[in-house]
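Please read these numbers as outputs of a predicted model, since none were measured by experiment. Per chain, numbering begins at 1; letters A, B, ... match sequence-line order.
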Amino acid sequence: MNIYNTLSRKKEEFIPLHAPNVGLYVCGPTVYGDPHLGHARPAITFDVLFRYLQHLGYKVRYVRNITDVGHLENDADAGEDKIAKKARLDQLEPMEVVQYYVNRYHKAMEALNVLPPSIEPHASGHIMEQIEFTQKILDAGYAYESEGSVYFDVEKYNKDYRYGKLSGRNVEEMLETTRELDGQSEKRRSVDFALWKKASPEHIMRWKAPWSEGFPGWHMECSAMGTKYLGEEFDIHGGGMDLMFPHHECEIAQSCAALGKDSVRYWMHNNMITIGGQKMGKSLGNFITLEQFFTGNHPLLSKAFSPMTIRFFILQAHYRSTVDFSSEALEASEKGLERLLEGYARLLKLEGAGPMASASPVFDLRSDCEAAMNDDLNTPVVIAHLFDALKTINLVHDGKASISAGELAELKEVFGLYLEKLLGIKDESAQNKGTEAYQKAIDLLLNIRLEAKKNKDWATSDRIRNELSALGFEIKDTKEGFEWRL
RNA sequence: GGUACUUUGGCCGAGUGGUUAGGCACCGGUCUGCAAAACCGUUGACGGCGGUUCGAAUCCGCCAAGUACCUCCA
């Protein structure tokens with residue numbers, strides 16, 4: 001398959017370092033707040049990649065970290081990190097905050113049908129590794145200690161390697177534009193970044209290190225944990241585009257400085273989600289949590305949207321495009337998804353007959369979907385192919401076309417493979433059907449209605465329909481009789 | 001200011017040189033006691049100007065508009 005590599009800004013053929021094993025690392029959430037739409041996109045994107053690589057026969061070790069040490073707040077809050085701040089404000093243990101939001105994150109991911117990664121390491125559980133990694137960089141001469149903190153020497157590193165190759169930044173220019181703004185800091189240069197930070201007295205998350213009691217810098221966990229679980233060199237590193245600079249740039253520098261070589265072969269970045277053309281952000285007030293989507297409890301939402309609708313909506317855009325969220329767009333996706341799922345249910349009940357057509361479009365579905373996935377995970381095109389197949393399914397269902405047993409078997413297999421296994425779309429309404437007795441009771445009512453209809457007793461028939469509708473049932477009359485759903 | 005990128009029909013969203021993407025909506029039709037649903041079908045587009053080419057939504061240049069990153073963020 002081909003993967004767009006941010007490093008080369010080109011699509012490249014994916015060749016694993018140690019086939020059939022593949023190492024995949026993705027930047028996970030910082031757990032100091034409720035999971036929101038922004039967490040859903042990378043999780044779903046790389047979930048599909050994880051599923052597809054496995055489908056291709058690779059043994060994938062998928063590492064997605066939990067950032068529970070917290071990134072530094074801005075300079076005004078010098079030295080305080082998000083989790084520590086949240087814990088202090090709520091008078092909780094930092095790990096209480098972490099546990100609470102990790103649980104919430106897992107719950108949301110499960111609802112979105114995102115498979116759990118192979119390893120989900122916590123930054124707080126890998127302080128030793130981060131200290132060792134920092135020491136390696138110091139030993140290699142690319143870092144310096146200052147007042148108990150350790151900083152990465154970007155200028156020196158840039159002389160031997162090249163800092164900024166991922167995001168296209170030029171260190172000389174960065175130094176020129178920022179040098180004068182820099183006051184008396186512990187850092188030699190404003191572009192230098194912290195590998196270890198000495199904790200201020202009020203900072204409650206702290207660990208002992210050779211340099212001071214403190215905590216690791218923001219980028220260290222990914223270098224340390226990535227190489228710990230996937231080796232000094234591994235295949236794919238993913239994350240949001242906003243992490244390209246400085247986070248991933250610094251990661252590259254750290255790993256390269258410590259190990260003398262690049263760790264990551266393919267860098268993949270998913271684009272952002274916008275709301276009304278604007279980025280979603282806490283400071284912009286257009287922030288919507290996943291729970292708010294599931295319940296519809298937000299002024300920007302016209303109604304509740306199911307997790308599968310969110311998942312489908314995200315997959316209807318390519319992962320490298322921005323995707324603009326609106327209630328309208330979501331409603332459009334919801335309807336399309338429903339149609340697709342009903343078609344799939346219909347397909348599973350179909351029976352084949354007639355002669356085998358040798359050049360049936362059914363047999364193109366597999367190769368078309370495969371080609372789309374191989375082209376940098378083009379899920380919107382896969383979905384378009386499924387909609388094309390849906391047309392065939394409906395024609396057969398309506399008796400306007402016939403299909404051979406062989407074609408039907410292929411269609412069922414491929415449709416199910418892509419929709420359920422690879423895109424990870426499942427029919428949620430199946431869970432809403434209730435017990436068998438309950439279903440039979442509803443069927444009984446609707447059968448009575450059917451009889452009333454036969455007798456042209458419209459009063460009874462309409463009464464049953466209207467009252468069930470009022471209770472939230474959706475009644476559909478069909479040729480054979482009826483269908484219903486809650 | 002620097003860096004990266006975007007601009008496709010009413011809306012969402014694929015597509016990188018020549019052939020229908022797809023979804024939603026609209027419209028027409030089938031079905032129906034009525035209605036809904038479902039199904040079928042049709043219409044409709046490539047920001048502006050110039051260039052390369054037999055031919056450009058697709059390549060190049062300029063212009064315009066917009067977004068993100070450079071500071072916590074997926």
Side-chain angles (χ1 to χ4, degrees), chain A residues 6 9 26-30 32-33 35-46 70-77 81-82 85 164 166-170 173-174 176-178 191 218 238-247 249 269-274 277-284 287 312-313 316-318 320-326 328-340 342-343 346 368 372 375 378-388 390-391 393-395 397-398 400 453 456-458 461-462 465-466 469 474-479 482-485:
Chain A
T6 310
R9 309 210 176 265
V26 174
C27 289
T30 303
Y32 72 109
H36 54 80
L37 209 45
H39 294 105
R41 187 137 201 223
I44 289 169
T45 298
F46 293 106
H71 290 323
L72 283 174
E73 288 275 332
N74 57 39
D75 287 351
D77 297 325
D81 77 39
K82 288 172 176 171
K85 186 177 180 185
L166 184 70
S167 56
R169 250 152 258 249
N170 181 310
E173 281 176 15
M174 287 171 74
E176 269 171 34
T177 52
T178 53
V191 290
W218 345 332
M241 251 176 207
D242 54 336
L243 295 178
M244 233 162 87
F245 188 90
H247 185 58
E249 201 69 76
H269 291 95
N270 63 274
N271 215 319
M272 303 292 102
I273 284 169
T274 58
Q278 258 200 326
K279 178 178 117 118
M280 192 176 85
K282 285 199 164 157
S283 50
L284 296 168
F287 189 86
F312 187 69
F313 178 79
Q316 262 189 311
H318 188 259
R320 282 191 291 114
S321 302
T322 56
V323 61
D324 195 48
F325 249 90
S326 65
E328 271 178 300
L330 270 177
E331 280 176 46
S333 280
E334 185 178 49
K335 283 182 191 165
L337 173 63
E338 202 172 296
R339 212 155 72 80
L340 209 54
E342 278 181 16
R346 206 170 276 159
D368 285 348
D375 184 16
N378 199 332
T379 55
V381 168
V382 171
I383 290 171
H385 290 314
L386 291 180
F387 273 109
D388 286 338
L390 179 67
K391 205 157 279 180
I393 293 168
N394 286 330
L395 284 172
H397 176 74
D398 289 353
K400 289 175 185 158
K453 277 174 71 179
K456 298 195 193 293
D457 179 2
W458 312 130
S461 119
D462 287 355
R465 180 176 69 194
N466 294 340
S469 299
E474 199 179 302
I475 311 300
K476 294 178 190 176
D477 289 352
T478 66
K479 258 195 180 124
F482 55 81
E483 283 173 13
W484 64 269
R485 52 188 290 166

- Message: Using a heavy-atom cut-off of 4.0 Å across all strands, would you classify A:Arg41 as base, sugar-phosphate, or nothing?
- Response: nothing
- Message: Suppose we screen for salt bridge (charged side-chain N to carboxylate O under 4.0 Å, His left out). Which residues come up paired with A:Lys476, at least two apart in sequence or across chains?
- Response: A:Glu342, A:Glu474
- Task: Could you tell me which nucleotide pairs with B:G28 by Watson-Crick or G-U wobble geometry, both distances under 3.5 Å, or answer none if nothing does?
- Result: B:C40
- Closest approach of A:Ala372 and A:Val381, non-hydrogen atoms and distance? CB-CG1, 3.6 Å
- Task: Both distances under 3.5 Å, Watson-Crick or G-U wobble: report the partner of B:U6, or none.
- Result: B:A65
- Task: Would you kindly give the CG-to-P distance between A:Asp462 and B:U32, to the nearest whole Å?
- Result: 17 Å
- Message: Distance criterion of 3.5 Å, no angle test: do you see the side chain of A:Asp375 paired donor-to-acceptor with the base of B:G15?
- Response: no
- Query: What integer distance in Å separates A:Glu328:CD from B:G13:P?
  - Reply: 12 Å
- Message: At 4.0 Å (heavy atoms only), tell me whether A:Arg339 reaches a base, stays on the sugar-phosphate, or touches nothing.
- Response: sugar-phosphate
- Message: Is it the case that B:A35 (base atoms only) and A:Asp477 (side chain only) share a donor and an acceptor within less than 3.5 Å, ignoring hydrogens and angles?
- Response: yes
- Task: Give the rounded distance in Å between these two atoms: NZ of A:Lys335 and P of B:G23.
- Result: 14 Å
- Message: Taking 5.5 Å and 30° as the limits, would you call A:Trp458 and the base of B:G33 a stacked pair?
- Response: yes
- Message: Is it the case that B:G13 (base atoms only) and A:Ser321 (side chain only) share a donor and an acceptor within less than 3.5 Å, ignoring hydrogens and angles?
- Response: no
- Message: Minimum heavy-atom separation for A:Phe287 and A:His36, please, with both atom names.
- Response: CZ-CD2, 3.2 Å
- Length of the line joining A:Asp398:CG and B:C31:C1', which is rounded to integer Å: 10 Å
